[in-house]
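All remarks here apply to the structure that follows.
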Amino acid sequence: MLLSTAFLPPLSWFAAAAKDFTLSPDRVFPSVVRLEACEHFVKQTYRNRCRILTANGVENLQVPVIHDEGLYRLPVTEVRVDYSTPWIPKMERALASAYESAAFFEDYRDGLFSILESRPETLWTLNLSLIQFLLDRLHLAVDLQPTTAYESGGAEDFREVIHPKRPDTVLRDLALEKPYFQVFAGKYGFQSNLSAVDLLFNEGPDSILYLKNL
């Protein structure tokens, strides 16, 4: 399983990551995910943005990165987050406005916000901390293994499959394309494949039932 880093990734990212995670009566068998650490940064992808459902519909949240000369030739692990503008409080307000009435927002907000407020230097570190936070809260056993060389791909290469500007059939292919409660579904209808925080804030501990068809 090969995945690119992502900021608060969509459900398809976690569904793919947890595809091989299984439980037996006496043992957990985690999925093994090779997290691409050797690719170059690519703009307009989930690497530094996510999608949430707000009172105004689906909105993008974006992490600004420092646009030094050669940004798009840098390994993704070296891309630095730009803290010169107050994007963290703006993002926290956006998340609070979208999910303050969700059943489990108060349970998870402090942990999520503390990672943002720790201001990691690189996008890679920020994303990895958030991904691990979400894996833990979603109760998904996934062994993340950063790659040591760029890989050419294969049947389980999801690096370009999970992309905001391309058709993403991962949830459908895994028989996970189904609705769950969303705060603004009454206004906009159910919105599929948003950031996993949407599922977590709305479904809490039951999120694993959605992602693993348990």
Please test Lys212 against Leu176 for side-chain contact (heavy atoms from CB on, under 4.5 Å), starting from the C-alpha separation and ending with a verdict. CA-CA 8 Å; Lys212 291 299 294 180; Leu176 296 173; over 6 Å; no

Arg47/Glu160 ion pair, N-O < 4.0 Å: yes

For a 4.5 angstrom cut-off between non-hydrogen side-chain atoms, does Val81 reach Trp87? yes

Close side-chain approach of Val183 and Leu53, heavy atoms under 4.5 Å: no

Between Thr148, Asp143, Thr147, which is the residue that forms a side-chain hydrogen bond (donor to acceptor under 3.5 Å, both in side chains) with Gln145? Asp143

Cation-pi geometry met for Arg166 and Phe158 (6.0 Å, 45°): no

Taking only residues two or more places apart in sequence, or in another chain, which ones meet Glu151 in a salt bridge (charged side-chain N to carboxylate O under 4.0 Å, His left out)? Arg34

Cluster check Leu174, Phe21: I/L/V/M/F/W/Y, side chain < 4.5 angstrom: yes

Compute the centroid of each ring, for Phe201 and then for Phe105, and state whether the two points are separated by less than 6.0 Å. yes

Please find the pair of heavy atoms, one from Leu130 and one from Phe7, that lie closest to each other, and give the distance. CD1-CE1, 3.4 Å

Here the gap from Arg80 atom CZ to Thr125 atom OG1, rounded to the nearest 0.5 Å, amounts to 13.0 Å

Quick one, Cys38 and Glu36 - any side-chain contact, counting heavy atoms below 4.5 Å? yes

I need the minimum non-hydrogen distance between Tyr46 and Ile162, along with the two atoms involved. CD1-O, 3.7 Å

Below 4.5 Å, heavy atoms only, C-beta onward: do Ile52 and Asn60 meet side chain to side chain? no

Determine, step by step, whether Lys19 and Glu156 satisfy the side-chain contact (heavy atoms from CB on, under 4.5 Å) criterion, reporting the C-alpha distance in whole Å, the side-chain angles of both residues, the deciding distance to 0.1 Å, and the verdict. CA-CA 11 Å; Lys19 181 172 68 69; Glu156 297 233 292; 2.9 Å; yes

Joint cluster assignment, Ile66 & Trp124, ILVMFWY side-chain distance < 4.5 Å: no

Distance-only donor-acceptor pairs under 3.5 Å for side chains of residues 108-121, two or more places apart:
unit_1, atom_1, unit_2, atom_2, d
Ser114, OG, Asp110, O, 3.3
Ser114, OG, Gly111, O, 2.8
Ser118, OG, Ile115, O, 2.6

Taking the ring of Phe190 and the ring of Tyr180, is the distance between their centroids below 6.0 Å? yes

Any Leu2 side-chain heavy atom under 4.5 Å of Arg159 side chain: yes

Could you see if Val42 belongs to whatever hydrophobic cluster contains Leu35? Use Ile, Leu, Val, Met, Phe, Trp, Tyr and a side-chain cutoff under 4.5 Å. no

Distance, nearest 0.5 Å, that separates CG of Leu95 from CG of Leu61: 5.5 Å

Considering all heavy atoms of both residues, which atom of Ser207 and which atom of Gly204 are nearest to each other, and what is their separation? OG-O, 2.8 Å

Flag the pair Val65 / His67 as yes when at least one side-chain heavy-atom distance between them is below 4.5 Å, and no otherwise. yes

Under 3.5 Å, sequence neighbours excluded: what are the donor-acceptor pairs made by side chains of residues 132-141?
unit_1, atom_1, unit_2, atom_2, d
Gln132, NE2, Asp136, OD1, 3.2

I want to check something: taking the side chain as every heavy atom from C-beta on, are Leu200 and Glu203 in contact at a cut-off of under 4.5 Å? no

Taking every non-hydrogen atom, the tightest pair across Pro75 and Ala37: CB-O, 4.4 Å

Out of curiosity, Leu211 CG to Leu199 CG, how far, rounded to the nearest 0.5 Å? 5.5 Å

Roughly how far, to the nearest 0.5 Å, is the CD atom of Glu59 from the OG atom of Ser97? 8.5 Å

Separation of Gln62 CD from Arg49 CZ (nearest 0.5 Å): 4.0 Å

Are any non-hydrogen side-chain atoms of Thr45 and Ser4 less than 4.5 angstrom apart? no

How long is the straight-line distance from CG of Leu171 back to OG of Ser12, given to the nearest 0.5 Å? 5.5 Å

Any donor-acceptor pair under 3.5 Å from Lys165 side chain to Gln44 backbone: no

Could you go through the side-chain hydrogen bond (donor to acceptor under 3.5 Å, both in side chains) check for Asn56 and Thr54 one step at a time? CA-CA 5 Å; Asn56 297 316; Thr54 76; 4.5 Å; no

Hydrophobic clustering (ILVMFWY, side-chain heavy atoms < 4.5 Å, transitive) - are Val197 and Leu209 grouped together? yes

What verdict does the side-chain contact (heavy atoms from CB on, under 4.5 Å) test give for Trp13 and Ile131, after you've listed the backbone C-alpha separation in whole Å, the side-chain angles of each residue and the deciding distance to 0.1 Å? CA-CA 10 Å; Trp13 194 101; Ile131 288 169; 3.7 Å; yes

Do you know the tightest heavy-atom contact between Gln182 and Asn202? CA-ND2, 3.9 Å

Closest non-hydrogen contact found for Arg51 with Leu194 is O-CB, 3.5 Å

Could you go through Leu126 and Asn48, starting from their C-alpha distance and side-chain angles, then the distance that decides it, and tell me whether this counts as side-chain contact (heavy atoms from CB on, under 4.5 Å)? CA-CA 10 Å; Leu126 173 63; Asn48 69 324; over 6 Å; no

Hydrophobic cluster membership, Val76 vs Tyr150, 4.5 Å side-chain cutoff: no

